[in-house]
Amino acid sequence: MTVGIASVEIATGVIAGRIAAGARAIRWLDDRDPRGAAVLGAIYGATGRAHIVGITGPPGAGKSTLSDMLVAELRRRNRRIGVIAIDPSSPFTGGAILGDRVRMARHTLDPHVFIRSIGTRGAAGGLSRSTHDAALVFDAMGYDIVLIETVGVGQDEIDVVNLAHTTIIVGVPGLGDEVQAVKAGLMEAGEIFVLNKADRDGYEAAHRQFGLMLHLRANARPDDSWAPPLLRAVASRDEGADVIADALEAHLAHLKAGDGFARRSGRRACAQMVNLVHARAAAALLRLPEATRLLDAVSACEIDPYSAAERLLAGSRNDSEGAA
Amino acid sequence: MDTPVERPLRILLAKLGMDTHTVGVTIIAHALREAGMEVIFTGLKQTPEMVAAAAVQEDVDVVGISTLSAGHMRNLPKLARLLREAGAGDKLLLAGGVIPQEDKALLTEAGVHKIFTMGADTREIVAYLRGWWTERQAADAA
């Protein structure tokens with residue numbers, strides 16, 4: 001396969017905003033096809049403009065329905081939107097059923113909405129392996145907002161906060177007692193809180209709990225200049241989208257009033273580089289013949305994993321010094 | 001490149017028109033997931049236009065249409081044409097469900113690549129897709 005010509009053609013299409021080109025670029029990046037990295041290098045200069053928004057929350061909180069409602073509201077405000085909808089891949093077969101489009105069907109024919117379903121493909125933390133890359137592709141295509149809907153998360157799967165400029169945390173009434181709310185790392189992350197299914201029993205209690213947690217969070221962070229709003233929504237009836245969109249705009253203005261927008265983008269890029277170095281360095285080390293030998297020894301309980309790891313690293317250091 | 005290329009087959013499954021019989025398509029979706037494929041389900045009451053748009057956005061390799069209420073002679077040729085017009089004519093277009101024998105030739109001529117009728121075993125569908133995918137990847141690599 002020719003990495004060069006095909007990548008240039010796709011990169012040009014991405015920057016021109018062509019959907020088929022963007023779709024192919026994301027596929028290559030998700031598949032770890034070398035052409036994906038080449039496209040990313042070519043389009044990187046065109047990124048940095050989009051407002052990257054995360055939507056996360058526990059399974060069943062109504063994230064897809066809320067995303068659908070929010071996309072409709074943002075379209076009324078004339079924004080162009082790229083949606084990354086993440087669903088879990090099977091850790092056993094690698095297969096996945098990606099069903100988030102079902103709730104967003106009304107946007108399928110809108111030329112200014114691009115929805116992409118992505119499987120986690122082994123990534124933990126609520127995102128897929130390629131979420132960051134897909135967000136960059138949407139950004140380079142010129143979408144004003146990139147909406148990332150995570151898989152249903154538990155108590156600490158909040159990688160999306162490191163990727164998004166603004167993260168919306170979706171909660172629902174009746175999920176658990178106060179201990180659950182305290183444990184949830186979700187309450188420590190996020191800039192906008194939405195209590196969905198607010199027409200259900202337990203809304204008042206949930207609202208009190210969330211309010212208390214946010215109050216304590218504010219007390220613990222006296223330097224925090226953004227006070228996260230706690231909003232009410234009934235996404236199944238299209239209620240609450242306007243206030244959420246207002247809050248998104250307010251947070252974006254807040255970030256741009258200082259250096260928050262650039263700082264978050266920079267932090268995200270650094271985190272990605274660190275991730276790439278981790279993955280590639282580990283892959284390179286584990287390909288050494290010495291690694292196979294040490295893994296066999298660990299597997300047979302002849303050496304402990306700590307010593308084996310240390311020996312592998314020491315060996316590779318000696319090699320590189322020898323080469324120099 | 002230090003990380004291996006991983007290319008699971010991506011398939012979009014949809015139902016067109018007012019056909020709301022979901023049992024078959026749900027079973028197929030689960031069987032394909034078990035076979036390591038990524039299934040994008042778009043839901044019911046789709047138009048050919050919606051399916052074609054979603055297929056491009058999702059960059060799937062295969063589009064599978066489940067049809068049990070006789071809209072296939074109108075919808076499937078239209079979908080095949082829309083996919084070609086969108087530059088996505090290389091995607092494999094499959095249909096499954098209640099499709100009379102005498103309709104098959106016309107559908108094939110219109111661009112439906114493979115038709116599975118009632119009684120098709122999920123293993124048969126998985127084997128067909130795996131075979132097609134292996135050939136496609138070999139052709140792409142050449």
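Computation of the quantities below employed the complete heavy-atom set of this structure, encompassing side-chain atoms and omitting hydrogens, waters and symmetry-equivalent molecules. Just so we're on the same page: letters track the sequence lines, and every chain starts at 1.
Electrostatic pairing of A/Arg121 and B/Glu38 counts as a salt bridge here, judged by a charged N lying under 4.0 Å from a carboxylate O.
In this structure, A/Arg116 and B/Gln57 have side chains that are not in contact, with every pair of non-hydrogen atoms separated by 4.5 Å or more. With a 4.5 Å cut-off on side-chain heavy atoms, A/Arg32 and B/Arg7 do not count as touching.
Inspection of non-hydrogen atoms places A/Ser90, A/Thr93, A/Gly94, A/Gly95, A/Ala96, A/Ile97, A/Leu98, A/Gly99, A/Arg101, A/Val102, A/Ala105 of residues 90-105 of chain A under 4.5 Å from chain B. Below 4.5 Å, heavy atoms of chain B meet heavy atoms from A/Ile19, A/Ala20, A/Ala23, all part of residues 16-23 of chain A.
Crowding of B/Glu102 atom CD: a count of heavy atoms from other residues, nucleotides or ligands under 6.0 Å exceeding 12. Heavy-atom contacts from other residues, nucleotides or ligands closer than 6.0 Å to CG of A/Asn78 number 12 or fewer. Taking a 6.0 Å sphere around CD of A/Glu9, one finds it holds 12 or fewer heavy atoms contributed by other residues, nucleotides or ligands. Within a 6.0 Å sphere centred on CD of B/Gln101, other residues, nucleotides and ligands contribute 12 heavy atoms or fewer. Around atom NZ of B/Lys104, more than 12 heavy atoms belonging to other residues, nucleotides or ligands sit under 6.0 Å away. Few gaps surround CZ on A/Arg106; more than 12 heavy atoms of other groups in view lie less than 6.0 Å from it.
If you measure heavy-atom distances from A/Ile115 to chain B, the contacts under 4.5 Å come from both the backbone and the side chain. In this structure, chain B has a heavy atom under 4.5 Å from the backbone of A/Val113, while its side chain stays farther away.
Of the residues considered (B/Leu44, B/Asp61, B/Leu12, B/Leu9), B/Asp61 shows the highest number of contacts with chain A, using heavy-atom pairs under 4.5 Å. With chain A as the partner, the residue from B/Ala14, B/Ala53, B/Pro8 showing the most heavy-atom pairs under 4.5 Å is B/Pro8. For the set B/Met37, B/Gln46, B/Glu49, the count of heavy-atom pairs under 4.5 angstrom toward chain A peaks at B/Met37. Among B/Gly36, B/Ala35, B/Ala54, the residue making the largest number of heavy-atom pairs under 4.5 Å with chain A is B/Gly36.
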